[in-house]
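Below is one structure, written out as structure tokens; the observations come after it.
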Number of protein chains: 2
Amino acid sequence: MGAHEAICSEVLKAITPGPEEREHVVSLAEALMDRLRALLEDEGIEGDVRLEGSLAKDTWLSGEADVDIFVRFKPEVPREFFRKDFLRIARKAAEGLRQVERYAEHPYLECWSDGVRINIVPCYDVRPGEWLSATDRTPYHTEFVKSRLTEELKGDVRLLKKFMKGIGAYGAELRTGGFSGYLCELLVIYYGGFLKALKGALRWRRGTLIDIAGHYEGREDEAREFFRHHLIVVDPVDPYRNVAAPVRLDKMCLFMAAAREFMLRPSRTFFFPPEPRPLGPRELVELLSSRGTSIIAIHTRTGGMVPDVLWGQVYRTLRALRGTLAREGFEVLRTSAWSDERENCVLLLEFASSILPPVVRRIGPPVWVEEHVERFLSKNMTDPGLVCGPYVEGDRWVVLIRRRWPDAKEFLVKKLSERGGRDIGVASLLARQIEEGFEVLRDGEIAKLCSGLEGFSSFLRDFLVGRPAWLAGRSA
Amino acid sequence: MGAHEAICSEVLKAITPGPEEREHVVSLAEALMDRLRALLEDEGIEGDVRLEGSLAKDTWLSGEADVDIFVRFKPEVPREFFRKDFLRIARKAAEGLRQVERYAEHPYLECWSDGVRINIVPCYDVRPGEWLSATDRTPYHTEFVKSRLTEELKGDVRLLKKFMKGIGAYGAELRTGGFSGYLCELLVIYYGGFLKALKGALRWRRGTLIDIAGHYEGREDEAREFFRHHLIVVDPVDPYRNVAAPVRLDKMCLFMAAAREFMLRPSRTFFFPPEPRPLGPRELVELLSSRGTSIIAIHTRTGGMVPDVLWGQVYRTLRALRGTLAREGFEVLRTSAWSDERENCVLLLEFASSILPPVVRRIGPPVWVEEHVERFLSKNMTDPGLVCGPYVEGDRWVVLIRRRWPDAKEFLVKKLSERGGRDIGVASLLARQIEEGFEVLRDGEIAKLCSGLEGFSSFLRDFLVGRPAWLAGRSA
């Protein structure tokens with residue numbers, strides 16, 4: 001047995017649920033399903049109560065059970081029913097448990113029992129391709145995966161999921177932009193195992209196409225044209241769906257890089273990264289001041305946005321700010337963001353320097369463009385910021401002139417105070433929060449966020465290091 | 001009479017030589033020509049002694065007479081004769097005058113009498129197109145111009161020359177890269193006057209073609225293809241020569257810009273710019289420190305290079321340094337150079353900032369390019385300058401790493417100390433001078449050059465202001 005297999009087998013022992021845990025979770029699920037069935041029968045509502053998700057497929061990780069209970073209704077049932085009667089019945093079935101109503105495309109109930117999350121989700125019983133709601137595919141996914149996974153492959157799925165979690169690439173939600181559980185299952189099925197999937201990923205490029213059911217056999221370019229994504233994994237139960245659509249390019253490549261490194265230097269660290277040690281305020285101030293770059297943090301409230309909306313707003317805003325700041329001459333090296341997904345969020349921008357040289361070259365029109373020359377000369381020669389010129393360089397008028405915004409922090413404070421920063425590209429829901437209140441902090445000042453925001457300090461440490469834990473083996 | 005004509009007429013009075021000055025210069029020329037003729041006859045050498053240049057064409061400016069005496073020899077005379085016997089005879093003819101032997105394409109004698117420069121130049125008597133030396137065209141130029149200039153047009157040539165001098169665009173030598181006297185004459189002939197030439201220049205664009213003799217009639221695009229220059233003025237006496245070849249784009253455009261401004265706001269300033277007031281050392285230090293940019297000066301010796309060689313080396317070096325520094329991340333706003341054309345030269349580079357942020361983003365290979373990834377990771381992870389990463393951004397590995405040369409002055413001092421800076425693009429003759437000795441000065445330090453180098457202070461003032469004097473009328 002090679003080093004890779006040895007590590008996999010050791011990890012597998014740690015992440016496969018034992019009989020006791022299984023028993024506990026399964027009985028919990030069955031009890032709830034029984035109550036649901038009884039309540040539906042009482043009300044004379046026809047609905048097929050089924051166990052779905054990783055529990056049904058036996059691909060869940062020990063200590064991280066998610067119970068997905070689906071109720072499948074006839075297509076004639078109106079959508080209105082989901083929002084009203086269904087939620088009422090689900091709440092009644094889960095009486096005594098902590099409950100949260102959630103809304104994806106349609107409403108469902110999330111509840112908690114002994115640290116196990118249980119989702120009670122309505123869907124329609126339709127034929128493939130005749131989808132009425134986003135969750136109608138799930139029972140087909142479950143069937144497809146169950147029909148293809150052997151006992152051994154179930155372990156391989158667990159390994160791949162744990163690997164993805166360890167490197168920070170697990171989860172299709174917007175925050176992560178990574179690999180869903182179903183996608184991990186498909187990769188293991190397609191490549192025939194965990195290590196084979198890692199090796200397979202080494203051959204991925206932009207536009208890689210994986211089509212297990214052969215929906216596009218002989219028409220691969222058509223599929224690439226249709227999906228237009230760097231990673232395309234065609235859903236075996238729906239030829240019009242790319243299961244890898246949520247995977248961002250950097251997460252695809254992070255997985256490829258980690259897979260390559262694991263094949264070269266296998267280690268438990270990929271599956272069990274060390275807990276990030278939070279930074280003390282003095283340590284942080286020192287790290288930031290000796291770093292040589294400049295970091296600006298924008299802190300505001302989330303206003304109760306659901307995570308996928310929040311992260312959409314956050315990423316859109318970071319992209320826009322990067323562009324706006326670049327147009328002002330600032331070199332943004334990296335951006336990132338943190339949120340507790342309840343109250344607070346912090347946008348981080350790292351600059352080569354957040355203060356720019358005070359003078360810029362402003363290139364004017366060619367000397368022969370009459371009206372523009374007139375405007376350029378009269379505008380700049382009366383500008384109190386004029387440092388040098390106007391002079392002719394090549395065929396154009398040029399001046400050296402004081403920069404309007406030499407300080408990125410001042411720029412941000414000013415612009416965010418006006419309409420919440422909408423004019424510099426802050427997404428509208430986030431701009432509404434910024435209008436309620438925000439603070440902009442630079443370098444050492446950021447330390448004060450660490451005491452108030454739980455988990456921010458660990459995040460900041462990771463951000464400052466910027467190096468995946470699984471690369472650490474090399475520095476030695 | 002309009003404002004333009006009034007100013008022209010006033011200027012013309014000041015720059016047209018009076019009878020006394022004419023008499024003095026012409027008799028000086030004739031005396032020398034007579035002695036030359038006598039000496040040639042004594043030695044039994046056949047040679048036609050002729051007056052050429054602005055004196056012959058009557059287009060010279062009062063106080064700035066240049067006497068060009070040409071001796072035209074039969075084509076059979078060997079080139080060797082020019083270098084030896086001719087120079088001996090010329091020196092003898094100019095006995096008693098201060099003499100300097102000059103070399104353009106071939107040798108000639110420059111001498112001085114009462115502040116008047118006299119050039120004694122040999123050339124061949126050949127038919128147009130059968131040129132044996134660079135100066136053989138001159139007698140034909142003289143004939144062409146004389147045949148076309150009326151008395152009034154002679155005044156217009158004087159105005160255009162003075163205008164070009166006033167704006168710093170007069171002279172075909174490399175230092176200036178501007179308009180020769182002959183080119184000014186052709187422009188006045190072509191457009192039919194001084195003001196008409198200025199108006200004509202407003203319609204110039206890149207690739208403007210002026211073909212007085214109609215050598216390329218109906219084949220204008222062919223001419224543009226052949227000459228490939230932004231301003232083409234075909235020599236009436238030689239269809240293969242562009243009289244405007246030495247005119248750099250910025251000098252062409254400077255003239256266009258000045259012409260436009262003169263038409264809008266006529267003023268004597270175009271012809272008689274104020275003498276630049278030299279800067280006191282305290283004034284200079286203050287100007288430089290409040291400016292917000294950073295200026296670096298490289299001071300070295302000329303090693304007796306003749307001006308056209310020196311300026312070729314200087315401009316080539318400035319272009320190369322600009323490129324090298326840009327590759328190191330420095331934003332060079334402007335460059336310039338000063339020389340007394342005898343001993344000293346100073347290269348000036350103005351930076352947005354001569355000190356850069358200490359950290360740069362180094363973008364590595366895509367994660368799937370095996371060998372490059374291996375090299376990038378091992379190289380950067382052991383680099384003591386590593387600040388952050390390696391991390392995956394998009395499809396590539398990236399690191400933040402300390403910049404090797406954050407200080408342009410340190411960079412230049414180091415690189416100029418190695419092989420005189422040849423490796424960063426210093427032209428070889430200048431590099432040889434730098435190997436003998438150089439100094440690099442920044443901002444306030446530059447003040448110390450002003451006391452040692454005569455004329456540098458005025459130059460520096462003009463460089464710092466960077467605005468043509470003739471634009472000053474606008475600020476009021």
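Protein chains get the first letters and strands the later ones, always in sequence-line order, with residue 1 at the start of each. All of these numbers come straight from a predicted model, not from anything done at the bench.
For the atom pair B/Leu249 CG and A/Arg396 CZ, the distance stands at 10.5 Å (nearest 0.5 Å). Going from atom CD of B/Glu393 over to atom CG of A/Leu333 covers 9.5 Å, rounded to the nearest 0.5 Å. The SG atom of A/Cys388 sits 7.0 Å away from the CZ atom of B/Phe463 when rounded to the nearest 0.5 Å. Separating the CD atom in A/Glu261 from the CG atom in B/Leu377 is a distance of 6.5 Å, to the nearest 0.5 Å. The distance from atom CD of B/Glu331 to atom CZ of A/Arg361, rounded to the nearest 0.5 Å, is 7.0 Å.
Counting heavy-atom pairs closer than 4.5 Å to chain B, the top-ranked of the candidates A/Val399, A/Asp395, A/Val359 is A/Asp395. When each of A/Val398, A/Leu202, A/Val373 is checked for heavy-atom pairs under 4.5 Å with chain B, A/Val373 comes out on top. The candidate from A/Ala352, A/Ser290, A/Ser353, A/Ser378 with the greatest count of non-hydrogen atom pairs under 4.5 Å with chain B is A/Ala352. With chain B as partner, the option from A/Pro358, A/Gly466, A/Ala257 having the largest number of non-hydrogen pairs under 4.5 angstrom is A/Gly466. Chosen from B/Val392, B/Leu254, B/Thr293, the residue pairing most often with chain A at heavy-atom distances under 4.5 Å is B/Val392. Chosen from B/Ile355, B/Leu464, B/Asp250, the residue pairing most often with chain A at heavy-atom distances under 4.5 Å is B/Asp250. Taking chain A as the reference chain and counting heavy-atom pairs below 4.5 Å, the highest number among B/Gly292, B/Pro406, B/Gly389, B/Ala201 is found for B/Gly389.
In this structure, the side chains of B/Cys253 and A/Trp368 come closer than 4.5 Å at one or more pairs of heavy atoms. At least one side-chain heavy atom of A/Glu374 sits under 4.5 Å from a side-chain heavy atom of B/Leu264. Using a 4.5 Å cut-off on side-chain heavy atoms (C-beta onward), B/Leu471 and A/Met381 make contact.
Heavy atoms of A/Arg291 lying under 4.5 Å from chain B belong to its backbone as well as its side chain. B/Arg206 touches chain A through backbone and side chain together, each having a heavy atom under 4.5 Å away. With a 4.5 angstrom heavy-atom cutoff, A/Trp204 touches chain B only via backbone atoms. Only the side chain of A/Arg402 comes within contact range of chain B, with heavy atoms under 4.5 Å apart. The contact between A/Leu386 and chain B is made entirely by side chain atoms (from C-beta outward), counting heavy-atom distances below 4.5 Å. Looking at A/Val387, both its backbone and its side chain come within 4.5 Å of chain B, counting heavy atoms on both sides. Heavy-atom distances place no part of A/Leu356 under 4.5 Å from chain B, backbone and side chain included. Of the two parts of A/Arg205, the backbone and the side chain both hold a non-hydrogen atom closer than 4.5 Å to a non-hydrogen atom of chain B. Interface remark: A/Leu400 contributes side-chain atoms only to the contact with chain B (heavy atom separation under 4.5 Å). Looking at A/Ser294, neither its backbone nor its side chain comes within 4.5 Å of chain B, counting heavy atoms on both sides.
By the 4.0 Å N-to-carboxylate-O rule, A/Glu370 lies close enough to B/Arg260 to be salt-bridged with it.
Residues A/Pro390 and B/Pro468 approach most closely at O-CD, 3.2 Å, considering heavy atoms.
Both the sub-6.0 Å distance and the 45° axial angle are not jointly satisfied by A/Arg467 relative to the ring of B/Tyr391.
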